[in-house]
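Everything below concerns the one structure shown next.
Lettering follows sequence order; numbering is per chain, from 1.
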There are 2 protein chains.
Amino acid sequence: MSNRRDAVHDILRHSDGFRSAQDIYAEMRSDGAKIGLTTVYRALQALADNGKVDVLRTDDGEAVYRACASGDHHHHLVCRRCGRTVEVAGPAVERWAETIGRENGFSDITHTVEVFGTCSSCVAALRAG
Amino acid sequence: MSNRRDAVHDILRHSDGFRSAQDIYAEMRSDGAKIGLTTVYRALQALADNGKVDVLRTDDGEAVYRACASGDHHHHLVCRRCGRTVEVAGPAVERWAETIGRENGFSDITHTVEVFGTCSSCVAALRAG
DNA sequence: GGACAAAATGAAAACCGTTGTCAAAATCGG
DNA sequence: CCGATTTTGACAACGGTTTTCATTTTGTCC
């Protein structure tokens with residue numbers, strides 16, 4: 001229904017890693033799009049609610065978004081330098097979380113797992129740099 | 001050296017789960033302590049820098065702190081209702097993260113893992129309603 | 001003790017990402 | 001077309017955190 005929402009979604013689909021709302025807004029504006037920051041936030045919220053994009057928080061509390069290929073439960077391997085992100089599955093981790101929870105008498109167990117590293121191109125760039 | 005820093009550290013050591021800066025500040029004030037919010041923030045920052053407390057971000061971006069028993073690398077099983085937290089080790093997860101990273105050509109691998117659930121007392125409380 | 005330098009403190013302002021407000025504009029239904 | 005509903009976006013408000021800066025406390029050397 002919403003043209004703007006799709007535009008925001010498009011930006012994310014063409015992006016490799018996680019992007020912030022302000023970041024997306026800046027790109028759209030510099031591309032000549034007429035959109036307000038509020039609308040970007042609303043679009044991202046809606047997309048996140050519908051499970052169309054994944055959200056996570058950076059260390060400094062900023063929310064960042066990514067359109068993930070898989071709708072299923074998965075985790076991320078994120079390059080801490082360029083932001084490039086790979087979706088990874090971890091059945092072993094899922095089981096581990098479940099077990100740890102039960103062993104301690106917890107129910108309704110969920111978990112967050114993110115892996116960070118420096119990707120090979122960034123290692124090369126750093127070596128050259 | 002700093003009396004205030006120790007006071008903040010004490011609050012955390014007597015707390016079960018993760019606490020926010022404002023939360024700690026409120027408790028100290030209601031206990032009659034003469035301390036400013038700024039100082040609480042500075043104390044927490046210093047404690048985090050020295051590895052005396054663990055920090056993580058809530059879903060809404062607030063920073064929360066906890067004085068952990070173990071200085072070694074560990075993760076947390078947190079009750080999403082009462083905040084009670086258990087420190088858990090996960091050698092399998094450490095290895096998994098490392099492997100996933102290497103397989104994708106990433107180096108310098110780190111990770112964040114948190115497990116959430118509802119603890120047994122909270123399940124009981126909810127049942128009693 | 002006293003004096004001076006360095007560090008710690010806290011009230012208030014600044015910051016920054018995010019959310020709410022509300023009137024104007026676009027879209028929908030009939 | 002016309003009124004009703006939804007979407008939009010400029011702007012203000014919000015809340016957690018950080019900075020500023022003047023004051024107080026602490027440490028040190030005599």
- Item | Residues B/Glu87, B/Arg66; criterion salt bridge (charged side-chain N to carboxylate O under 4.0 Å, His left out); working and verdict | CA-CA 11 Å; B/Glu87 300 172 32; B/Arg66 182 169 190 270; 3.1 Å; yes

- Task: Take B/Val8 and B/Leu47, measure what side chain to side chain contact (heavy atoms under 4.5 Å, CB included) needs, and give me the verdict at the end.
- Result: CA-CA 9 Å; B/Val8 170; B/Leu47 289 165; 4.2 Å; yes

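Between A/Arg42 atom CZ and D/dT7 atom P there is a gap of 9 Å when expressed in whole angstrom units. Rounded to whole Å, atom P of C/dG20 lies 12 Å from atom CG of B/Asp60. As rounded to whole Å, 14 Å separates atom P of D/dT7 from atom CD1 of A/Ile35. The distance between atom CG of A/Leu56 and atom P of C/dG17, rounded to the nearest whole Å, is 17 Å. As a whole-Å value, the separation of A/Asn3 CG from D/dG9 C1' is 15 Å. Counting to the nearest Å, the P atom of C/dA8 and the CG atom of B/Leu47 are 13 Å from each other. Taking atom CG of A/Asp49 as the reference point, atom P of C/dT19 lies 11 Å away to the nearest angstrom. Atom CZ of A/Arg4 is separated from atom P of D/dT7 by 13 Å (rounded to the nearest Å).
Hydrophobic clustering (side-chain heavy atoms under 4.5 Å, transitive across Ile, Leu, Val, Met, Phe, Trp, Tyr) groups B/Val113 together with A/Val86. Residues A/Val55 and A/Ile24 fall within the same hydrophobic cluster, defined by Ile, Leu, Val, Met, Phe, Trp and Tyr side chains chained together at heavy-atom separations under 4.5 Å. Neither A/Tyr65 nor A/Phe116 shares a network with the other; the hydrophobic side chains, linked directly or stepwise wherever heavy atoms of I, L, V, M, F, W or Y lie under 4.5 Å apart, form separate groups for each.
Note: B/His76 and B/Phe18 have perpendicular aromatic rings, judged against thresholds of 30 and 60 degrees for the angle between ring planes. Ring geometry for A/His75 versus A/His111: interplanar angle of 30 to 60°, hence tilted.
Where DNA chain D pairs in unbroken runs of 3 or more (Watson-Crick or G-U, both distances under 3.5 Å), the stems are C:1-30 with D:1-30.
Taking side-chain N and O atoms only, B/Gln45 has a distance below 4.0 Å to OP1 or OP2 of D/dT18. Between B/Tyr41 and D/dT18 there is no side-chain polar atom (N or O) within less than 4.0 angstrom of OP1 or OP2.
Between the side chains of B/Arg84 and B/Ser121, no donor N or O sits under 3.5 Å from an acceptor N or O. Looking at B/Asp60 and B/Thr58, their side chains do bring a donor and an acceptor atom within 3.5 Å of each other.
DNA chain D lies under 4.0 Å from at least one heavy atom of each of the following residues of residues 16-29 of chain B: B/Gln22. Of the residues in residues 61-68 of chain A, none lies under 4.0 Å from DNA chain D by heavy-atom distance.
For the pair B/Arg57 and A/Thr39, nearest-nucleotide mapping onto DNA chain D gives the more 5' position to A/Thr39.
Using a 4.5 Å heavy-atom threshold, the side chains of A/Asp10 and A/Arg13 count as touching.
For the residue pair A/Cys68 and A/Asp54, the shortest heavy atom distance occurs at SG-OD2, 3.3 Å. Residues B/Tyr41 and B/Ala21 share a closest heavy-atom pair of CE2-CB, 3.5 Å.
Closest approach to the B/Leu37 side chain among D/dT20, C/dT18, D/dT17 is made by D/dT17 (side chain taken as heavy atoms from C-beta onward).
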